[in-house]
Protein chains: 2
Amino acid sequence: MSSCDTCLVRNRAICSALSGAEVEALNTIGRHRTLEPGQSLIWEDDESILVANVVEGVLKLSTGTEDGREQIVGVVYPADFIGRPFGGRTGHSVTALTSAKVCVFGRRDFDEFARNHPALEHKLLERTLAELERTRSWMLLLGRKSASEKVATFLIDMSERLVDTGCEGDGASLSRFELPFSRQQVADVLGLTIETVSRQFTRLKSEGVIDLPSRREIVIRNRDELEAQAG
Amino acid sequence: MSSCDTCLVRNRAICSALSGAEVEALNTIGRHRTLEPGQSLIWEDDESILVANVVEGVLKLSTGTEDGREQIVGVVYPADFIGRPFGGRTGHSVTALTSAKVCVFGRRDFDEFARNHPALEHKLLERTLAELERTRSWMLLLGRKSASEKVATFLIDMSERLVDTGCEGDGASLSRFELPFSRQQVADVLGLTIETVSRQFTRLKSEGVIDLPSRREIVIRNRDELEAQAG
DNA sequence: CGGGACTTTGAGCAGCATCAAGCGTTGTGG
DNA sequence: CCACAACGCTTGATGCTGCTCAAAGTCCCG
């Protein structure tokens, strides 16, 4: 039995475009790999030699300046696609935030397979268009929002995306979840410093908008207010 | 004779994936349209009903907050693709910066045509992946760079992209060009205020790094220094 | 129980925004 | 042909947001 058949993300990942036999063929060119938190799969400015699908866990895409400032440019969840097929370089590194499982393909193998399976390319195109849209809307946050708006928007976004890292995707949202980010990483997503993020968190807590049972746990107590503060 | 045959961007746009007969077929579902500076083709949060290819001119993609802050999330040049095929909404408006010519398609017509022409979808995928990469690298600028780094990076980027709005694309760069942006629009690209942009321009001029013969003209006098300041 | 990493809190400062004139260019009508 | 209005840009003065530097607190791990 093909391992993709039992894959948790089978129905949402790009391979949902394929028949059973095709999935099996794709399976022969890919291999599963486990990543520990902090472990990188791809480095910035690498020649693109591999692509992958997320099976489990959360990973960050990040770039930085020479003098060490970092910006997280994307976060990927189960069923998301990673890497840059069809030539070109990835301008960012890919690093696991939680322990993660990915399905890795050699870039050349994947390129060839994709070119022979238009339905897969179509899925990948839809996914890439959606990701581009999401990324663009994040630019408004980075360029124009204040620290408090940034943090509020971030918490809303996380509560929506952390729902269902399993199979169904129904656009719900959580009022209690575990952040896959450290404070520094939240800062790197929002273009802020760790101190500013921390201060915004404590302010929201003292206002009763959220609760912080532990470092990584968030409870949203007043979603309307949080949305109001998101700008 | 099909009008696309004579189209200036014929060899670089996504339709370069098509045969003569296919281009002719695509041509029957599209129509050319002229835009004046400031005129919009698509509005934010519109249900996506049309897509287009840029033939001539420069257009901006922009979003804003309810209270009027604006962020330009992308700039498109000849041969670039505009819009959101395959369902979904465009989260940004599309507005001409210069007078522009575009080749417009009804979204449903285009969707259907694309699904039947995998080579075209492939080209569109490559283009979308490249655009996503470019957009992500811009996030580093918005989130982590200082005003002076932003302006320097912007000028370098413009000098590279304004080369060849015609047919060949050889990755050269210009040392003299006309900005398709007002100061306010530069500010909206960089996430700054108009005053800060103006001050950075005058500083660079007084340092002899650039020259400003007129409001819209830029001359790069010391590209090395500009690149050094880009961070 | 102790060491180290992460987070919070505080004080002071700088960079950029805001508010407010002044200037130059372009276009219009007398 | 000139006056002047409108617009976009520049320049200046001031203040606030978020950064920097510093220290204390908390959690997690052995």
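Naming: A, B, ... by sequence-line order, numbering from 1 per chain.
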Would you kindly give the [atom1]-to-[atom2] distance between [X] and [N], to the nearest whole Å?
| X | N | atom1 | atom2 | value |
| --- | --- | --- | --- | --- |
| A/R203 | C/dG10 | CZ | P | 16 Å |
| B/R199 | C/dC19 | CZ | C1' | 11 Å |
| B/F201 | C/dC16 | CZ | C1' | 17 Å |
| A/E195 | C/dC13 | CD | P | 17 Å |
| A/R69 | D/dC19 | CZ | P | 12 Å |
| B/L190 | C/dG15 | CG | C1' | 16 Å |
| B/D188 | C/dA17 | CG | P | 12 Å |
| B/I194 | C/dC19 | CD1 | P | 15 Å |

Original post:
Any chance the rings of B/F81 and B/F105 have centres within less than 6.0 Å?
Top reply: no

Is [X] salt-bridged to [Y], cutoff N-O under 4.0 Å?
| X | Y | value |
| --- | --- | --- |
| B/E149 | A/R69 | yes |
| B/E131 | A/R136 | yes |
| A/D157 | A/K150 | no |
| A/R144 | B/D188 | yes |

Original post:
Considering only side-chain heavy atoms of B/L192, which listed nucleotide, D/dT20, C/dC16, D/dG18, is closest?
Top reply: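 Of D/dT20, C/dC16, D/dG18, C/dC16 is nearest to the side chain of B/L192.
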
Subject >> Given C/dT7, C/dT25, D/dT20, the nucleotide with the shortest approach to the side chain of B/R215 >> reply: C/dT25

**OP:** Give one of base, sugar-phosphate or nothing for A/S214, where a contact means two heavy atoms less than 4.0 Å apart.
**Re:** nothing

Original post:
NA contact type, A/R183, heavy-atom cut-off 4.0 Å: base, sugar-phosphate, or nothing?
Top reply: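 Contact class for A/R183: sugar-phosphate only.
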
[X] side chain near [N] phosphate (N/O to OP1/OP2, under 4.0 Å):
| X | N | answer |
| --- | --- | --- |
| B/S182 | D/dG8 | no |
| A/S198 | C/dT7 | no |
| B/T193 | C/dA17 | yes |
| B/T202 | D/dT11 | yes |

Original post:
Which comes earlier along DNA chain D counting from the 5' end, the contact point of B/R144 or that of B/V197, where each point is its nearest nucleotide?
Top reply: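 Whichever sits nearer the 5' end wins; that is B/V197.
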
**OP:** Give me the bend of the helix from C/dC1-D/dG30 to C/dG30-D/dC1, using the axes of the five pairs at each end, rounded to 10°.
**Re:** 30°

**OP:** Please tell me which of B/Q200 and A/F181 maps to the more 5' nucleotide of DNA chain C, matching each residue to the nucleotide holding its nearest heavy atom.
**Re:**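 In this pair, the answer is A/F181.
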
Original post:
Of the non-hydrogen atoms in B/F177 and B/I220, which two are nearest, and what is the gap between them?
Top reply: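 Result for this residue pair: CE2-CD1, 4.1 Å.
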
Subject >> Over 12 non-hydrogen atoms of neighbours within 6.0 angstrom of CZ in A/R221 >> reply: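 Open.
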
Original post:
Between the main-chain N or O of B/I210 and the side-chain N or O of B/K205, is there a donor-acceptor pair closer than 3.5 Å?
Top reply: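 No: the side chain of B/K205 does not pair with the backbone of B/I210.
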
